Every structure is written in structure tokens, then in C-alpha cells.
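Note that this is a predicted model, so its numbers are computed, not measured.
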Amino acid sequence: MNLTLTQHAQSRIRQRGLRESDIPMIVAAGTAVDADSLLLLAQDVDREIRRRKQEIGALERLRGCRVVIAGDQVVTVYRPSRRTERRLLRGEHRHAGGDLNAALSQPSCPGEQVHAA
């Protein structure tokens, strides 16, 4: 939802110590209290904090993972060794110097496929 702020809303945001960037968060997480307003309840805040903590946990768990994509398909997923990671970051891997899309269309292991669950 792309909302625009009226002059009145902009004034009230400044007067009340809020930020314009707070509005989308309230709209996304708040509870509808009538046809045209939302209220951000304590339970809404608790739910969003739990969700974000889960996202942080997932990010920590996935640190260092590589996903190889060809078109709209995931070809493989793995955790490269430190040596491979350094080579990838320096551009010294087997697809270096080529077209990114062409490079991504090549599986990293011959015959390997990953099927979505």
C-alpha cells in the first residue's frame, strides 16, 4: 500500500515525535479498529518482535550460504569453504569474466539438481 501524507498528517507527525517511516510499520502490524484506522497494540508489537527475532535467527543460521540460480530455478545451495568464499569474492571462480546470467545457468556440480519441497 502506497500512502501519501496530508499536510495535516505531516504536521502531527512532527508535533508528536514520530517519523514518516513509522507509518508503514504501524499500517503493516497494527490492528484495524474501524473501517479507516489502525491501532498498534502491545500484542501486535510482541508478535512483530517475535517474528523479527526468528528472522535474525534464520540469518545467523544461513550466514555464508551460497545459492546458485539459473533463470528462475535454484540449481544448488551450499556452504563454500573459506578458500572458495575468498575466490568467489575476488572473482576467481570458474564463471569469472563471463556473463552473470550465463554463469548462473551452469550448475556448480555436474548433474546436480535441487527440488523445491
Distance from [X] atom [atom1] to [Y] atom [atom2], nearest 0.5 Å?
X   : Y   : atom1 : atom2 : answer
I49 : D44 : CD1   : CG    : 11.0 Å
E85 : R66 : CD    : CZ    : 11.0 Å
R61 : Q54 : CZ    : CD    : 11.0 Å

Minimum-distance pair of heavy atoms, taken over all atoms of [X] and [Y]:
X   : Y   : answer
E20 : Q10 : OE2-CG, 4.2 Å
P80 : G64 : CD-O, 3.1 Å
A70 : V75 : CB-CG2, 3.5 Å

If you group Ile, Leu, Val, Met, Phe, Trp and Tyr by side-chain heavy-atom gaps below 4.5 Å, do [X] and [Y] land in one group?
X   : Y   : answer
L59 : V67 : no
L39 : I23 : no
L5  : V27 : yes
V33 : L41 : yes
I13 : I26 : no

Exercise. I would like to know whether V45 and E48 meet side-chain contact (heavy atoms from CB on, under 4.5 Å); could you show each step before the answer?
Key: CA-CA 5 Å; V45 172; E48 292 301 311; 5.9 Å; no
Quiz item: So does R90 have more than 12 non-hydrogen atoms from other groups sitting under 6.0 Å from CZ?
Solution: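 Result for CZ/R90: enclosed.
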Practice problem: Verify the neighbour count for atom CD of Q7: are there more than 12 heavy atoms of other residues, nucleotides or ligands below 6.0 Å? | Solution: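 Check fails, neighbour count at 12 or below.
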Practice problem: Would you please test R47 and R51 for side-chain contact (heavy atoms from CB on, under 4.5 Å) and show each step? | Solution: CA-CA 6 Å; R47 179 191 65 238; R51 187 178 65 78; 5.7 Å; no
Quiz item: Heavy atoms, side chains only, cut-off 4.5 Å: are R50 and K53 in contact?
Solution: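 With C-beta onward as the side chain, the pair stays apart.
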